[in-house]
Amino acid sequence: MNKKVIICIILAIVVYLVIGMLAPFAVQKKIEPEDGTFQKDAFYASANEKCVDRAHIVEENAEALDLRLRMIKEAKERVILSTFDFREDKSTWDLGAALYEAAERGVQIQIMVDGISGILRMERNPFFYALSGHENIEIRLYNYPNLLKPWTFHGRMHDKYVISDNKTLLLGGRNTFRYFLGGYDTKSRSYDREVLIYNTDYKNGTEKSVISQVEKYFRSIWDGPYMTVFHDGEKVNKKKKVVENIRKLEKRWGKVQKQYPQAYEEYSYEEHTVPIKKATLISGETGIYGKKPYVWNTLKELMAHAEKKVVFHTPYVVLDSAMEDGIREIAENVNDFTMVINSVANGDNIVASSDYLIHKKDILKTGVQLYEFDGGDSTHGKSILIDDNMAIIGSYNLDMRSTYMDTELMLAIHGEEFAEELKGCMDFFMEKSIKVLDAKNYENPEEIKMQEIPFMKKVVLRIAGPLLQLVRYLA
């Protein structure tokens, strides 16, 4: 076989892979009339409606890990963990020790991880094999991609939540490693936000709680056609390195109890939560291909129906024309519409930041009042405050990937006390944010010194932005 034939074969393979990965997602789907109409009343409690759930916002990474450890320790029957990214580090060793101990007690553990993340972080890692090999722990990967089918690479599961028995739910934007969990001594960390739901009627099940909605959603994916069981069975447990990791997990459990005494002390969910009027799960399609923008459309409609104000926190913003129209509709209907994102210097997503530099003026033309958070550590939280009685928290980023490609969850919570709690959390970020006046100018408070963008990051941003415009729907 001569060189020309070999080169042609290689080029054909490359073209096949590139087109296969990109083409199926290049045209974004739309919400059609037959998909149904938005019903605002579905998200707000009626005067006679009673809610068994109470809620609390989890802002600190240390509290986020403490709650996970507490929920796992309290579990008597089952723990469900869904995460986009699961990495081996100090936080997951501590979490893994708690999960292994629970499994030893007979608790059924179900862990669901995005397929790409599973390949990159979990394959050939005896730490994860030590977990998956336990008879009471099952790990499944969503959409384990097939190289021969490149169109399977971009369907990602972005949901992040933990359920313990019928009692508690933790849902938000945190992935499962120390960038988001624990108070470890590390130079690299991120702010994030979750909501803890406590079902006061847990002894009678979850039927009256929003936990039942999340359970149903979980089951639709877990039992769906896109799941692959991660290494389990007796052979896994017999491998030398896996056995060593099992012993380490068992030994680690003793250290975890000593290191996190606050996670195992007497704890009143009643005292740490506030009453809410109603909680509703917002979700979209769960297939691995392009999706209709159900989550975005619901959020847009809720915001557009606000009476006085909307505050939208998102790590970054990447809009197509339909999403721009949606932001414009909200701005036209709501006098006080504010959006807070990471500044380019502060953000940790090069692709989204490079796109923002190019389309910043288009975002401002929609009429939203834009602020950039410049507080040092990047913020990864996704939440919306509507008037003084609706708070929404979850995994959805205001970008095209979250809108048209990934699975996403947001929890809409009706209740004045909880909305006030979210407002307090948002005010913290607003104090460290800079008002955007136009594409180049800011209204900068004297107490905030704007971060300088490192030279190499600036170079990468300037190069990446124009180059990625044709595939910005992947951002």
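Just so you know, residue 1 is the first one in the sequence shown, and it goes up from there. Computation of the quantities below employed the complete heavy-atom set of this structure, encompassing side-chain atoms and omitting hydrogens, waters and symmetry-equivalent molecules.
- In summary, of the residues considered (Ile197, Leu281, Val162), a side-chain contact (heavy atoms from CB on, under 4.5 Å) with Leu171 occurs for Leu281 alone.
- Here the side chains of Arg193 and Val58 are not in contact, with every heavy-atom distance at 4.5 Å or above.
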**Request:** Just do the salt bridge (Lys or Arg N to Asp or Glu O under 4.0 Å) check on Lys423 and Glu421 with the steps written out, would you?
**Result:** CA-CA 5 Å; Lys423 180 181 181 300; Glu421 187 177 343; over 6 Å; no
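- Applying the 6.0 Å contact sphere to CG of Asp427 captures more than 12 heavy atoms from other residues, nucleotides or ligands.
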**Request:** Report the C-alpha separation of Asn166 and Glu77 in whole Å, then their side-chain angles, then the decisive distance to 0.1 Å, and conclude whether the side chain to side chain donor-acceptor pair (under 3.5 Å) test is met.
**Result:** CA-CA 9 Å; Asn166 300 325; Glu77 296 180 358; 5.4 Å; no
**Request:** Would you sort out whether Lys277 and Glu49 count as a salt bridge (Lys or Arg N to Asp or Glu O under 4.0 Å), showing the intermediate values?
**Result:** CA-CA 8 Å; Lys277 295 179 178 179; Glu49 201 167 344; over 6 Å; no
**Asked** Can you list the steps and then say if Ile330 with Val368 is a side-chain contact (heavy atoms from CB on, under 4.5 Å)?
**Response** CA-CA 8 Å; Ile330 300 165; Val368 65; over 6 Å; no
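- Using a 4.5 Å cut-off on side-chain heavy atoms (C-beta onward), Tyr144 and Phe230 make no contact.
- Open room surrounds NZ on Lys90; 12 or fewer heavy atoms of other groups in view lie less than 6.0 Å from it.
- Proximity of a side-chain donor or acceptor of Asn199 to a complementary backbone N or O of Ser209 within less than 3.5 Å is not detected.
- By the neighbour-count criterion of 12 heavy atoms within 6.0 Å, atom CD of Glu60 is sparsely surrounded, having that number or fewer from other residues, nucleotides or ligands.
- In the model, Glu408 has a side-chain atom that pairs as donor or acceptor with a side-chain atom of Ser395 under 3.5 Å.
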**Message:** Please determine whether side-chain contact (heavy atoms from CB on, under 4.5 Å) holds for the pair Tyr142 and Ile221, giving the CA-CA distance in whole Å, both sets of side-chain angles, and the decisive distance to 0.1 Å.
**Reply:** CA-CA 8 Å; Tyr142 170 87; Ile221 298 182; 3.8 Å; yes
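- When each of Lys291, Arg401, Arg156 is tested with Asp406 by the rule salt bridge (charged side-chain N to carboxylate O under 4.0 Å, His left out), just one qualifies, namely Arg401.
- Side-chain N/O atoms of Glu194 and His56 include no donor and acceptor closer than 3.5 Å.
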**Request:** With side chain to side chain donor-acceptor pair (under 3.5 Å) as the test, would you mind laying out the steps for Ser82 and Asp159 before giving the verdict?
**Result:** CA-CA 6 Å; Ser82 176; Asp159 316 324; 4.9 Å; no
**Item:** Residue pair Arg54, Glu270: steps toward the salt bridge (Lys or Arg N to Asp or Glu O under 4.0 Å) verdict
**Value:** CA-CA 8 Å; Arg54 295 173 64 90; Glu270 197 83 21; 3.4 Å; yes
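- The neighbour count for Lys360 NZ, taken as heavy atoms of other residues, nucleotides or ligands under 6.0 Å away, is above 12.
- Side chain to side chain, Asn61 and Arg178 fail the donor-acceptor criterion of an N or O pair below 3.5 Å.
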**Message:** Please determine whether side-chain contact (heavy atoms from CB on, under 4.5 Å) holds for the pair Met112 and Thr83, giving the CA-CA distance in whole Å, both sets of side-chain angles, and the decisive distance to 0.1 Å.
**Reply:** CA-CA 6 Å; Met112 188 162 63; Thr83 183; over 6 Å; no
**Message:** Apply side chain to side chain donor-acceptor pair (under 3.5 Å) to residues Asp94 and Tyr260 and explain how you reach the verdict.
**Reply:** CA-CA 10 Å; Asp94 292 340; Tyr260 304 97; 2.6 Å; yes
**Request:** Report the C-alpha distance between Arg472 and Asp355 in whole Å, list the side-chain angles of each, state the deciding distance to 0.1 Å, and finish with yes or no for salt bridge (Lys or Arg N to Asp or Glu O under 4.0 Å).
**Result:** CA-CA 7 Å; Arg472 59 191 299 267; Asp355 188 85; 2.7 Å; yes
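- The structure places CD of Gln110 at 5.0 Å from CD1 of Ile80, a figure rounded to the nearest 0.5 Å.
- Residues Ala98 and Leu69 come closest through the heavy atom pair CB-CD2, 3.7 Å.
- Side-chain atoms of Asn335 and Lys309 form no donor-acceptor pair, as typed in the model, at a separation below 3.5 Å.
- Screening residues 374-390 for salt bridge (Lys or Arg N to Asp or Glu O under 4.0 Å) gives no qualifying pairs among residues at least two apart or on separate chains.
- Under the 3.5 Å distance criterion, the side-chain polar atoms of Asp35 are matched with a main-chain donor or acceptor of Glu32.
- Side-chain atoms of Tyr404 and Asp320 include a donor-acceptor pair closer than 3.5 Å.
- With a 6.0 Å radius and a threshold of 12 heavy atoms from other residues, nucleotides or ligands, Leu467 has its CG atom above the threshold.
- Side chain of Lys73 to main chain of Ala102: no donor-acceptor pair is present (N/O by atom type, distance under 3.5 Å, no hydrogens or angles).
- Across all non-hydrogen atoms, the minimal contact from Ser283 to Leu409 is CB-CD2, 3.5 Å.
- There is no side-chain donor-acceptor pair under 3.5 Å between Thr206 and Ser212.
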**Request:** Evaluate side-chain contact (heavy atoms from CB on, under 4.5 Å) for Ile384 paired with Val310, printing each intermediate quantity in order.
**Result:** CA-CA 7 Å; Ile384 302 170; Val310 170; 4.2 Å; yes
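- The shortest distance between side-chain heavy atoms of Asp114 and Asn143 does not fall below 4.5 Å.
- For the residue pair Asn48 and Ser46, no side-chain donor N or O sits within less than 3.5 Å of a side-chain acceptor on the partner.
- With 3.5 Å as the limit, one finds no donor-acceptor pair spanning the side chains of Ser433 and Glu431.
- For Arg328 and Thr366, the side-chain atoms include no donor-acceptor pair closer than 3.5 Å.
- No hydrogens or angles considered: a donor-acceptor pair under 3.5 Å links the side chains of Asp89 and Thr92.
- Ring geometry for Phe180 versus His380: interplanar angle of 30 to 60°, hence tilted.
- Applying the ring pair (Phe, Tyr, Trp, His ring centres under 6.0 Å) criterion to Phe373, with sequence neighbours excluded, gives Tyr191, Phe429.
- For the pair Leu474/His154, a side-chain contact is recorded, criterion being any heavy-atom separation below 4.5 Å from C-beta on.
- With hydrogens and angles left out, the side-chain atoms of Asp336 and Gln369 include no donor and acceptor closer than 3.5 Å.
- Side chains of Phe43 and His414 form no contact here, defined as non-hydrogen atoms less than 4.5 Å apart.
- No donor-acceptor distance shorter than 3.5 angstrom exists from the side chain of Thr273 to the backbone of Ala55, with no hydrogens or angles considered.
- By the 6.0 Å contact criterion, CD on Glu207 is open, its count of non-hydrogen atoms from other residues, nucleotides or ligands being 12 or less.
- A parallel orientation is assigned to the rings of Tyr269 and Tyr198, their planes being inclined by less than 30° (bins at 30° and 60°).
- The shortest distance between side-chain heavy atoms of Leu411 and Tyr161 does not fall below 4.5 Å.
- Under the 4.5 Å side-chain criterion, counting only non-hydrogen atoms from C-beta, Lys457 is in contact with Ile350.
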**Item:** Asn342/Tyr356 under side chain to side chain donor-acceptor pair (under 3.5 Å): CA gap, chis, key distance, verdict
**Value:** CA-CA 10 Å; Asn342 281 299; Tyr356 173 64; over 6 Å; no
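- Between Ile139 and Met122, some side-chain heavy-atom pair lies under the 4.5 Å cut-off.
- The ring-ring contact (aromatic ring centres under 6.0 Å, His included) contacts involving residues 271-303 comprise Tyr267-His272, where partners must be two or more places apart or lie in separate chains.
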